Amino acid sequence: MSHPSLPIAIIGLSFSCGIIVQEKIAQPPSFAAVGLFFCLMFIGHVLRWRKLFFGTTIGAFVLLGMLRFSPVALKEASKSEQIEVVVHQALNTNSFGHQYILKSQTDNERLLLQTPLNHPLTVGDRMLVQAVLVPLAKPKNPIDFDFKTYMMRKGVARKIIPTTDGYIKLPPKQGIRRWAHLIQQALINQLQQLPLKQESKALVMALVLGEKSDLSEERIEQYQRAGAMHLLAISGLHIGIILLLLRALVSPLKRLRFGAIISAVLPILLLWCFAFVTGASPSVIRAVTMFSFLQIGLSLKRNDVRMQHLWSSFIVLLFIHPRFIFDVGFQLSYAAVLGIVWVLPHWQKLFQGQSRLVQKITSLFGLGLIAQLAVLPLSLYYFHQFPFLFWLSNLLLVPLVGLVIGVGISCLVISYVPSLYGLLPIADWILYHFLVLVAWIAQWEQFFVEHIPFREIDAIGLGLVVMMLFYFVQHPSKPKALLLGMLSLLFHVQLKLDIVQPPKILVAHLYQNSMLVSSQQHILHVFYGKKSSKVVDMAQLFTQHYGLDSIQYHPVEHAYKGVFVVDSLGEYKQVGKQATVVLRQSPKVHLEDLIDKLAPKLIIADGSNYPSFIKRWKKTCDAQGISFHATAERGAYPLN
């Protein structure tokens with residue numbers, strides 16, 4: 001017998017697949033094709049032709065997903081012009097400055113703006129800027145984070161670069177998002193006035209107000225090693241904990257007239273109030289929407305209804321904001337919550353009849369284990385790391401997060417009541433010892449594995465294994481056990497397949513440095529100009545990307561197979577003809593003479609050269625009909 005939530009799950013998965021397909025092919029289907037599939041689906045339903053109905057349902061919602069999503073159009077760089085823009089969304093703040101998504105008021109194009117740390121903006125700020133619009137750059141190396149694709153999936157294809165220092169400030173655009181952002185900033189300023197340790201304030205701002213910029217890099221690394229990074233971002237976990245606290249607080253209201261309705265609706269209203277207090281960021285809105293639907297399912301006290309409402313929230317969110325499907329937080333939140341709602345009740349049945357304490361501990365352990373398994377394919381694919389102490393974090397830290405959130409909210413309330421400042425030392429003690437506990441778990445670095453090679457095909461394979469495992473736990477049987485074993489075997493065979501072949505030699509791009517990489521017998525050979533920490537980090541990422549076993553470092557040499565390197569000394573007189581020449585450290589050579597002597601077919605200038613030299617060399621190569629590649633402009637070059 002199929003699960004009652006299977007039909008809506010098929011609709012949700014088909015719709016999301018349509019969005020993903022449309023992002024790849026950028027060819028929207030016709031309305032006639034969508035209508036035809038829905039007509040066939042209706043005919044299959046009326047005539048009870050199950051195969052026709054099943055197939056056309058999938059097809060109809062795949063096409064509907066494709067129709068709903070519009071990939072952002074690529075545009076060329078513009079000339080300097082005056083543009084009226086509005087701050088649409090605040091992105092991350094890092095050591096380089098603030099990042100914002102702006103909306104052009106002429107054509108609604110989304111633009112990326114980066115401002116210095118001393119120049120923050122507020123959502124809704126409106127201004128006239130004299131600027132040029134420049135397409136976002138592709139990653140320079142195959143192992144670099146693809147920031148261009150990341151931003152295009154947010155609807156941004158160009159960044160705005162002001163050509164003058166100032167801008168004309170216009171009356172702000174009022175709206176709910178601006179009010180939420182202003183409330184969040186007011187609460188942050190209020191919190192900063194409290195006599196708490198700076199680390200305690202940073203923890204409260206991260207867990208309660210969604211502001212992580214004050215957390216030190218050391219603290220963030222501790223959370224990563226402890227397997228508790230998800231605790232720092234206001235996500236499904238936080239909203240779920242707050243929902244549990246709210247349900248406990250309103251449970252006495254059930255005794256009143258209409259108490260069942262009030263206790264069902266009030267937590268949802270309070271969750272949305274919390275969303276606006278934290279700035280109404282997209283991640284918080286997603287989590288609150290998901291748990292609002294889940295609260296309705298919980299109020300109806302039926303497990304199958306909970307799953308149906310969870311899938312309903314998934315479809316509603318994607319229909320309103322199709323780009324959410326590409327958001328890592330969205331994927332992780334739904335994977336974890338769907339896994340928990342699906343499997344946890346069956347896990348808890350295994351320990352029925354045990355003492356209350358055993359049931360509580362096993363439920364907590366099962367909660368963490370199921371959530372970790374549900375997100376494992378995604379976390380390995382996106383982050384390439386695995387904390388083996390995740391179970392310890394879930395047993396020790398997750399139960400305390402509710403207490404820490406409660407303390408954080410109390411601190412915000414106390415900030416408006418100076419007479420209660422005497423309670424702050426207690427709050428400070430709780431927050432400090434929570435951080436100590438995180439640091440204690442994080443000190444076991446040997447249990448934190450980094451740079452795990454894991455490809456998209458690996459994530460799909462492991463995802464199928466995890467789903468089959470959950471299906472087996474729900475209703476164990478020998479055929480399911482056999483299928484689970486076969487999928488696991490195929491997954492392990494797949495891991496051994498080399499899909500991404502490393503190049504024989506790759507001239508990497510590294511600012512003010514040189515780096516060439518090659519591989520032999522699953523060993524990465526790194527040739528460097530200066531062995532910096534950046535070289536070591538990139539070498540580890542290359543090893544991860546190509547699935548290699550170890551790294552060997554060497555200074556850059558002059559000659560490789562078919563490649564000759566000319567450095568700052570400019571020595572090439574005694575060398576014969578070379579197919580490829582790499583220029584590094586801005587050698588003061590007469591390029592026409594070098595071309596006559598070495599007769600190269602390709603000249604590569606790496607990231608250690610001056611831009612003026614690169615510009616001059618390019619002109620010479622164009623005049624001589626020689627291919628020229630500058631890594632600073634076009635990225636790394638693989639030589640095969």
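This structure is a prediction, so every number in the text was calculated from the model and none was measured.
- Crowding of Y637 atom OH: a count of heavy atoms from other residues, nucleotides or ligands under 6.0 Å not exceeding 12.
- Not counting sequence neighbours, Y382 has no partner by the ring-ring contact (aromatic ring centres under 6.0 Å, His included) test.
- Every residue two or more places apart in sequence or in another chain was checked for a side chain to side chain donor-acceptor pair (under 3.5 Å) with K138, and none qualifies.
- A side chain to side chain contact (heavy atoms under 4.5 Å, CB included) with I626 holds for exactly one of L591, I603, L602; it is I603.
- For the 3.5 Å distance criterion, the side chains of E592 and T620 fail to qualify, holding no donor opposite an acceptor.
- A 4.5 Å side-chain heavy-atom check between V156 and V72 finds every atom pair outside the cut-off.
- Considering only residues two or more places apart in sequence or on other chains, R584 meets the side chain to side chain donor-acceptor pair (under 3.5 Å) condition with S514.
- Judged by a 6.0 Å distance limit and a 45° cone about the ring axis, R286 is positioned over the six-membered ring of F324.
- Applying the side chain to side chain donor-acceptor pair (under 3.5 Å) test to Q540 and every residue at least two apart in sequence or in another chain returns H451.
- We find that D327 and R323 are not joined by a salt bridge, their nearest charged nitrogen and carboxylate oxygen being 4.0 Å or further apart.
- F542 and Y546 have parallel rings, their planes meeting at less than 30° on a 0 to 90° scale where 60° marks the start of perpendicular.
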Donor-acceptor contacts, no H, no angles, side chain residues 82-90, under 3.5 Å, sequence neighbours left out:
{"residue": "E84", "atom": "OE2", "partner": "R126", "partner atom": "NH1", "Å": "2.6"}

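- The number of heavy atoms from other shown groups lying within 6.0 Å of NZ (K159) does not exceed 12.
- Around the CD atom of E76, the shell of radius 6.0 Å holds no more than 12 heavy atoms that belong to other residues, nucleotides or ligands.
- The salt bridge (charged side-chain N to carboxylate O under 4.0 Å, His left out) test applied to R110 returns no partner, not counting sequence neighbours.
- Side chains of L462 and L380 form a contact here, defined as non-hydrogen atoms less than 4.5 Å apart.
- Sorted pairs that involve residues 511-536 and meet salt bridge (Lys or Arg N to Asp or Glu O under 4.0 Å), not counting sequence neighbours, are lacking altogether.
- Evaluation of the salt bridge (charged side-chain N to carboxylate O under 4.0 Å, His left out) rule for R177 yields no partner, not counting sequence neighbours.
- Partners of F326 under the ring-ring contact (aromatic ring centres under 6.0 Å, His included) rule, at least two apart in sequence or in another chain, are F69.
- Taking the six-membered ring where the residue is Trp, W617 and F613 present perpendicular rings, their angle passing 60° and hence far from 30°.
- Applying the side chain to side chain donor-acceptor pair (under 3.5 Å) test to H629 and every residue at least two apart in sequence or in another chain returns nothing.
- Enclosure of atom CE in M467 is not indicated, since only 12 or fewer non-hydrogen atoms of other residues, nucleotides or ligands lie within 6.0 angstrom.
- Look at K75 and E109 and you find a salt bridge, because one of the NZ, NE, NH1 or NH2 atoms lies within 4.0 Å of a carboxylate O, short of that distance.
- By the ring-ring contact (aromatic ring centres under 6.0 Å, His included) test, Y167 is found to be paired with H119, residues two or more places apart in sequence or in another chain being considered.
- Ring centers of F145 and Y150: under 6.0 Å apart, within the cut-off.
- More than 12 heavy-atom neighbours from other residues, nucleotides or ligands sit within 6.0 angstrom of NZ on K140.
- Relative ring orientation between Y100 and H98 is described as tilted, the plane-to-plane angle lying within the 30° to 60° band.
- Taking Y553 as the reference, nothing meets the ring-ring contact (aromatic ring centres under 6.0 Å, His included) condition, with sequence neighbours excluded.
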